[in-house]
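Letters go in sequence order (proteins before strands), and every chain restarts at 1.
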There are 2 protein chains.
Amino acid sequence: MTQRRVTIKQVAAEAGVSITTVSHVLNDVPGKRVHPETRTRVREAAARLGYAPNVLAQSLRTQRSNTIGLVGDEIATTPFAGKIILGAQDVALSRDAVVFVVNTGYQRDLESRGIDELLRRQVDGILYATMYHRQVELPPQLAAVPTVLINASCTTSGVPWVVPDEVSGGEDAADVLLAAGHRRLAFINDVDEIPAAFGREEGFRRRLTAAGIRDDDVRVVTAETDPAGGYEAARELLTGDKPPTGIFCFSDRVAMGVYRAAAELGLRIPDDLSVVGFDNQEFIAEGLHPGLTTIELRHYDMGAWAAEQLFERIEAPAGTRAAAPTARLRGPVIHRASVAPPPAAHEPQRRRNLA
Amino acid sequence: MTQRRVTIKQVAAEAGVSITTVSHVLNDVPGKRVHPETRTRVREAAARLGYAPNVLAQSLRTQRSNTIGLVGDEIATTPFAGKIILGAQDVALSRDAVVFVVNTGYQRDLESRGIDELLRRQVDGILYATMYHRQVELPPQLAAVPTVLINASCTTSGVPWVVPDEVSGGEDAADVLLAAGHRRLAFINDVDEIPAAFGREEGFRRRLTAAGIRDDDVRVVTAETDPAGGYEAARELLTGDKPPTGIFCFSDRVAMGVYRAAAELGLRIPDDLSVVGFDNQEFIAEGLHPGLTTIELRHYDMGAWAAEQLFERIEAPAGTRAAAPTARLRGPVIHRASVAPPPAAHEPQRRRNLA
DNA sequence: CATCTCTGCCCAATCGTTTTGCTTTGAGGA
DNA sequence: TCCTCAAAGCAAAACGATTGGGCAGAGATG
């Protein structure tokens with residue numbers, strides 16, 4: 001099996017020229033003159049034999065492997081991650097490059113192993129992704145090779161990164177609820193002190209105060225980022241006095257818990273309670289009933305942006321070190337059916353929708 | 001940046017020997033005699049310089065790249081897929097190999113592009129995975145290289161494959177419900193005619209008849225494999241006469257719809273209705289309330305099994321073509337809280353639980 | 001007719017390894 | 001003193017490409 005692949009030498013023989021010439025015509029080397037007739041002869045020979053250059057040999061010679069690595073703590077184990085891979089892969093493939101994927105879990109040694117293995121294979125660059133938006137310290141080995149961060153920022157200068165725009169995510173969530181007419185709101189935030197938590201809360205609060213909502217009409221509580229956490233938090237919010245008419249959830253999974261709490265309390269969504277999620281996690285946001293209005297996390301685009309940047313840096317001649325670009329990607333709000341005007345009754349605030 | 005990596009030549013210089021000798025000692029080439037003292041001198045030099053062989057050069061020479069490819073239609077875009085990647089990667093890394101991931105979507109040309117790109121990089125073998133268990137025709141290019149199928153079977157002989165054991169999945173689901181005492185059951189199957197649909201139904205039915213359940217006490221309906229489909233199907237099942245007390249769902253997403261239908265009809269799970277899912281799709285099975293009892297799909301293990309097989313075949317000397325092994329992996333049932341004995345009342349059948 | 005200038009092509013070095021033979025050295029036997 | 005042989009190490013040829021520098025031959029030029 002595995003019959004030997006056809007090499008440049010065979011093409012040369014078939015076309016009756018030297019391998020040099022074959023290389024010249026197949027690569028369209030500028031400044032090299034070869035007779036048009038010979039050109040087509042070579043091309044035809046190559047086509048006839050089904051020749052495709054051996055990338056290993058090519059890479060060895062040119063010191064460019066057309067291969068990038070994607071390493072991350074949970075790059076393969078969460079639903080988001082796949083999208084990152086996909087984004088990166090799509091731009092890679094558009095440049096005839098291929099992507100190594102290394103999932104490190106949270107074992108520092110595995111990460112190190114993986115990166116070494118990639119470097120030994122002369123990857124042109126590495127995408128370093130984290131599952132949750134956070135700040136990281138770069139593994140030292142990465143200094144040797146162009147690197148771009150995904151879903152993470154870092155203090156080392158000169159390293160581009162891309163993260164979700166948490167603040168405007170919070171703003172957008174607020175806007176959706178405000179636009180529907182809600183004036184008493186809550187945010188179920190993550191317990192962990194991470195950029196996503198800070199940012200979303202900041203954006204959310206900012207828009208509410210800008211809209212003139214009084215401080216004691218907005219409650220921010222924290223909970224575990226899962227359905228159980230959301231359930232607990234929502235029960236507490238909804239059974240207290242002056243319950244919110246709209247709840248913004250740190251994640252779709254949290255929203256899942258809110259749905260349950262609402263159902264138990266006899267509150268219909270969206271008639272009695274509006275809910276906005278975060279992530280647009282397929283299977284949840286779409287699967288809930290009614291469909292969950294939520295803010296999308298643009299994992300595909302982060303992967304693609306990062307890959308673009310990476311190739312940019314790989315191709316830039318050594319000296320040209322432009323300042324490292326960074327990006328905060330603003331996710332669109334995905335409108336489904338979980339937001340509606342608040343129930344008309346017993347609202348102390350001015351009421352606007354007098355049909 | 002990207003300071004040149006240290007090569008074998010530098011190690012040789014540092015140790016004061018030829019590169020031949022360095023190679024001999026570092027690879028422990030059997031039958032080659034080199035003085036113990038020289039050995040340690042070389043080893044120390046290598047360590048001091050932090051030498052790691054260039055895999056590209058190595059591969060070029062040895063025709064073995066220690067690299068495998070994982071290509072699949074949705075290898076990166078579904079929650080399952082990640083587990084497959086992970087399983088494959090883990091066994092690969094344990095052999096100092098690395099995994100290329102190529103997601104092809106359903107575009108035949110992209111698939112072809114991707115595979116070519118992998119072959120040009122001399123991958124030692126390829127794992128070919130499909131998202132849904134089905135039968136496939138192998139891309140012709142794969143004939144050139146060892147291949148193992150994941151989640152798919154194929155008619156080409158000599159190609160190992162691994163798939164979920166659908167039949168025993170159906171059996172296990174039946175057993176769970178039977179053991180709880182249910183005698184009137186339903187299966188919401190997939191509309192598509194795929195192995196998963198056939199197999200699960202076969203297993204499910206087999207156990208029921210073996211348990212003496214009468215044919216008109218088991219209903220099998222089909223629905224789209226999503227919450228909406230499950231909802232519709234469940235409503236119909238539960239509002240008809242002689243409604244089932246236990247429902248086996250083709251997938252956890254379908255079960256999600258069943259939960260909603262039950263809630264609407266005032267049926268509590270598991271008191272009034274028992275539900276069994278399939279997939280153990282994190283975030284759903286666990287996130288539903290009460291937690292969904294379901295059959296796990298062992299994606300990680302499929303990835304790992306396939307990778308093992310692949311390396312086995314790669315390492316087997318050319319002539320040794322053992323018959324291609326195949327495997328059906330039986331998933332464990334994950335017990336949560338959605339199954340309980342049927343309600344005691346108004347059962348026409350013999351009643352057993354007379355507390 | 002000698003020289004110059006293109007044109008069209010090829011030689012050989014190189015990338016960093018592995019691997020197949022040598023070659024060198026010194027000890028031991030005749 | 002010479003020969004043989006094992007031990008220890010090295011030179012050089014791959015692997016399959018790219019690339020800088022030639023080199024032959026045909027026209028053009030003086």
Side-chain angles (χ1 to χ4, degrees), chain A residues 2-43 45-46 49-67 96 119-124, chain B residues 2-43 45-46 49-67 96 119-124:
Chain A
T2 308
Q3 76 277 10
R4 223 1 148 267
R5 310 201 41 203
V6 12
T7 77
I8 197 175
K9 211 177 297 184
Q10 300 174 41
V11 177
E14 174 89 5
V17 297
S18 74
I19 64 169
T20 302
T21 304
V22 174
S23 175
H24 285 338
V25 357
L26 259 29
N27 294 330
D28 272 326
V29 180
K32 287 298 179 178
R33 305 149 306 200
V34 14
H35 197 92
E37 200 170 282
T38 314
R39 271 183 142 61
T40 71
R41 197 146 37 87
V42 169
R43 292 236 167 74
L49 266 39
Y51 170 70
N54 179 326
V55 179
L56 259 42
Q58 249 174 334
S59 310
L60 185 59
R61 180 62 234 257
T62 60
Q63 302 288 34
R64 182 89 141 64
S65 63
N66 270 300
T67 282
D96 297 325
L119 292 179
R120 278 152 49 81
R121 282 174 175 74
Q122 309 257 90
V123 292
D124 294 333
Chain B
T2 308
Q3 78 276 12
R4 221 3 145 267
R5 310 201 39 203
V6 13
T7 78
I8 196 174
K9 212 177 294 183
Q10 300 173 40
V11 177
E14 175 88 5
V17 297
S18 74
I19 64 169
T20 304
T21 305
V22 174
S23 176
H24 284 339
V25 355
L26 259 28
N27 293 331
D28 271 325
V29 181
K32 287 298 179 178
R33 304 150 307 201
V34 11
H35 197 91
E37 198 170 283
T38 314
R39 269 185 195 296
T40 70
R41 198 146 36 88
V42 169
R43 291 236 166 75
L49 266 40
Y51 170 70
N54 179 326
V55 180
L56 257 43
Q58 242 172 201
S59 311
L60 184 59
R61 181 63 236 254
T62 61
Q63 303 289 31
R64 181 90 143 62
S65 63
N66 271 301
T67 283
D96 298 327
L119 291 179
R120 279 151 48 82
R121 283 173 176 75
Q122 309 259 92
V123 291
D124 293 332

Under 3.5 Å, sequence neighbours excluded: what are the donor-acceptor pairs made by side chains of residues 21-32 of chain A?
from: A/Thr21; atom 1: OG1; to: A/Ser18; atom 2: OG; distance (Å): 3.3
from: A/Ser23; atom 1: OG; to: A/Asn27; atom 2: ND2; distance (Å): 3.4
from: A/Asn27; atom 1: ND2; to: A/Ser23; atom 2: O; distance (Å): 3.4
from: A/Asp28; atom 1: OD1; to: A/Arg43; atom 2: NH2; distance (Å): 3.3

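When each of A/Lys9 and A/Asn27 is assigned the nucleotide of DNA chain D with its nearest heavy atom, A/Lys9 is the one assigned upstream, toward the 5' end.
Pairs of residues two or more places apart, or lying in two chains, that qualify as salt bridge (Lys or Arg N to Asp or Glu O under 4.0 Å) and include a residue from residues 8-20 of chain A are A/Glu14-A/Arg48.
A/His35 places none of its side-chain heavy atoms less than 4.5 Å from the side chain of A/Arg41. At least one side-chain heavy atom of B/Asn54 sits less than 4.5 Å from a side-chain heavy atom of A/Leu60.
Qualifying side chain to side chain donor-acceptor pair (under 3.5 Å) partners for A/Gln58, counting only residues two or more places apart in sequence or in other chains: none. Residues that satisfy the side-chain contact (heavy atoms from CB on, under 4.5 Å) test with A/Arg61, not counting sequence neighbours, are absent from this structure. The side-chain contact (heavy atoms from CB on, under 4.5 Å) check on B/Ser59 picks up A/Leu56, B/Val55, B/Ser65, with sequence neighbours excluded. The side-chain contact (heavy atoms from CB on, under 4.5 Å) check on A/Ala13 picks up nothing, with sequence neighbours excluded. B/Arg120 is linked by a side chain to side chain donor-acceptor pair (under 3.5 Å) to B/Glu117, counting only residues two or more places apart in sequence or in another chain.
Against DNA chain C, the stretch residues 54-61 of chain A makes heavy-atom approaches under 4.0 Å through A/Leu60, A/Arg61.
Side-chain N/O atoms of A/Gln122 include none lying less than 4.0 angstrom from OP1 or OP2 on C/dC15.
If you measure from atom CD of B/Glu37 to atom C1' of D/dA8, you get 12 Å, rounded to the nearest angstrom. If you measure from atom CD1 of B/Ile19 to atom P of D/dA14, you get 15 Å, rounded to the nearest angstrom. Counting to the nearest Å, the C1' atom of D/dT19 and the CG atom of A/Asp28 are 16 Å from each other.
In plain terms, the two heavy atoms of B/Val11 and B/Val6 that are nearest each other are CG2-CG2, 4.3 Å.
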What's touching nucleotides 20-24 of chain C from the protein side, N or O pairs under 3.5 Å?
from: C/dG21; atom 1: O6; to: B/Lys32; atom 2: NZ; distance (Å): 3.4

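The terminal axes of the helix from C/dC1-D/dG30 to C/dA30-D/dT1, fitted over 5 pairs per end, subtend an angle of 80° to the nearest 10°.
Across all strands shown, A/Val29 has no heavy atoms under 4.0 Å from either base or sugar-phosphate atoms.
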